[in-house]
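This report refers to the structure that appears directly beneath it.
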Amino acid sequence: MCPGAFAKCLGISLLPLSVVCVLCNILLFFPGGTPVDTKELSEEVWYFGGILGSGVLVTLVFLGLKNNDCCGCCGNASCGRSSILFAAVGVLGAGYSVVVSVLAIKRGPFCQTSEGWKYPFENSRQTNYLWKECLQPLDVVHWNLSLFSVLLALGLIQAVLCAVQVVNGLLGALCGDCCGGSRGVSVNGWTA
């Protein structure tokens with residue numbers, strides 16, 4: 001596949017994923033769909049994994065790949081390096097979102113229990129009965145688990161796509177590109 005064409009296709013596919021991640025992170029500020037005091041939010045919501053990681057940093061990848069004349073070595077001399085750099089930033093941003101999501105799922109939501117406001121799942125090995133421990137905000141366990149799971153899944157998809165672009169950009173820089181009449185190295189019938 002032509003590295004430049006793949007880069008543009010990748011950039012376009014990352015944008016909707018980034019928008020969904022930003023929306024999920026914003027929704028986490030409203031547990032159960034209702035506004036709450038900022039002291040009643042899980043700490044991981046404030047890490048902005050979906051906004052900063054999978055949102056802003058991955059959107060930079062989209063903008064970088066979209067605005068470059070990314071046609072490998074024959075289009076823009078710095079494109080091979082810049083597409084690799086933008087994709088590496090995307091891997092880091094998506095990775096940040098994945099780490100925050102995993103930590104949030106493992107720790108569980110911050111909620112009001114019969115013992116006050118706390119993280120009831122934090123130090124417990126048995127979680128079956130703890131789902132009922134959270135009294136307020138209503139449905140916060142389902143809310144956090146669902147949204148952080150979406151952030152986790154989309155962050156993993158973004159990380160994989162950006163990692164593939166890093167490899168693709170390296171291959172394009174090393175082997176040449178197929179655009180503009182320039183032919184790359186043919187290996188077993190595949191042009192790199």
Side-chain angles (χ1 to χ4, degrees), residues 9-65 86-168:
C9 180
L10 172 74
I12 291 169
S13 67
L14 287 174
L15 191 60
L17 297 175
S18 295
V19 169
V20 172
C21 289
V22 168
L23 290 175
C24 284
N25 204 136
I26 290 171
L27 287 173
L28 284 165
F29 284 97
F30 304 97
T34 58
V36 297
D37 193 323
T38 56
K39 296 178 288 195
E40 298 171 1
L41 292 171
S42 297
E43 187 177 311
E44 292 80 10
V45 173
W46 293 103
Y47 295 161
F48 298 107
I51 294 174
L52 293 178
S54 287
V56 172
L57 290 177
V58 175
T59 301
L60 288 175
V61 175
F62 166 74
L63 295 174
L65 296 177
F86 280 116
V89 168
V91 170
L92 291 175
Y96 175 72
S97 179
V98 166
V99 169
V100 169
S101 298
V102 166
L103 292 174
I105 291 169
K106 183 181 181 305
R107 190 175 191 192
F110 184 70
C111 62
Q112 184 179 16
T113 65
S114 58
E115 301 170 6
W117 286 89
K118 67 178 193 171
Y119 290 94
F121 297 92
E122 192 169 34
N123 295 320
S124 178
R125 292 181 181 219
Q126 187 177 17
T127 58
N128 296 347
Y129 67 93
L130 291 176
W131 286 73
K132 298 175 185 152
E133 288 283 316
C134 289
L135 305 174
Q136 289 293 325
L138 293 174
D139 297 324
V140 69
V141 176
H142 297 95
W143 189 263
N144 276 23
L145 185 61
S146 299
L147 291 173
F148 277 119
S149 294
V150 169
L151 286 173
L152 174 63
L154 294 182
L156 288 171
I157 292 169
Q158 290 173 328
V160 167
L161 287 174
C162 289
V164 168
Q165 174 53 31
V166 169
V167 172
N168 187 50

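Please read all numbers here as calculations on a predicted model, not as lab measurements.
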Steps toward side chain to side chain contact (heavy atoms under 4.5 Å, CB included) verdict (Phe148, Leu28): CA-CA 8 Å; Phe148 277 119; Leu28 284 165; 3.5 Å; yes
Derivation of the side chain to side chain contact (heavy atoms under 4.5 Å, CB included) call for Val58 and Leu17: CA-CA 9 Å; Val58 175; Leu17 297 175; over 6 Å; no
Audit row: Leu57, Ser97, side chain to side chain contact (heavy atoms under 4.5 Å, CB included) steps and yes/no: CA-CA 10 Å; Leu57 290 177; Ser97 179; over 6 Å; no
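Smallest separation of non-hydrogen atoms from Phe121 and Arg107: CB-O, 3.4 Å. Shortest non-hydrogen contact noted between Pro109 and Val140 is CB-CG2, 3.9 Å. Residues Leu135 and Ser114 come closest through the heavy atom pair CD1-N, 3.9 Å. Nearest heavy atoms, Phe29 versus Phe48: CZ-CE2, 3.4 Å. In this structure, Phe86 and Leu60 approach most closely via the heavy-atom pair CD2-O, 3.6 Å. Shortest non-hydrogen contact noted between Cys21 and Leu151 is O-CD2, 3.4 Å.
One finds the CG atom of Leu145 at 12.0 Å from the CG atom of Asp139 (value rounded to the nearest 0.5 Å). The distance from atom CD1 of Ile51 to atom OG of Ser18, rounded to the nearest 0.5 Å, is 12.0 Å. In this structure, NZ in Lys39 is found 10.0 Å from CZ in Phe110, a value given to the nearest 0.5 Å. To the nearest 0.5 angstrom, Thr34 atom OG1 is 9.0 Å from Glu40 atom CD. Here the straight-line distance linking atom NZ of Lys118 with atom CD of Glu133 works out to 6.5 Å at 0.5 Å rounding. The CD1 atom of Ile26 sits 11.5 Å away from the CG atom of Leu147 when rounded to the nearest 0.5 Å.
A donor-acceptor pair under 3.5 Å links the side-chain atoms of Tyr96 to the main chain of Tyr47, judged by distance alone. At least one donor-acceptor pair under 3.5 Å links the side chain of Trp143 to the backbone N or O of Phe30. Between the side chain of Ser54 and the main chain of Gly50, no donor-acceptor pair closer than 3.5 Å is present.
Considering only residues two or more places apart in sequence or on other chains, Val102 meets the side chain to side chain contact (heavy atoms under 4.5 Å, CB included) condition with Val98, Leu152. Residues satisfying the disulfide bond (SG atoms under 2.5 Å apart) test with Cys111, not counting sequence neighbours, are Cys134. Under the rule for a side-chain hydrogen bond (donor to acceptor under 3.5 Å, both in side chains), the partners of Asn144 that lie at least two apart in sequence or sit in another chain are Ser42.
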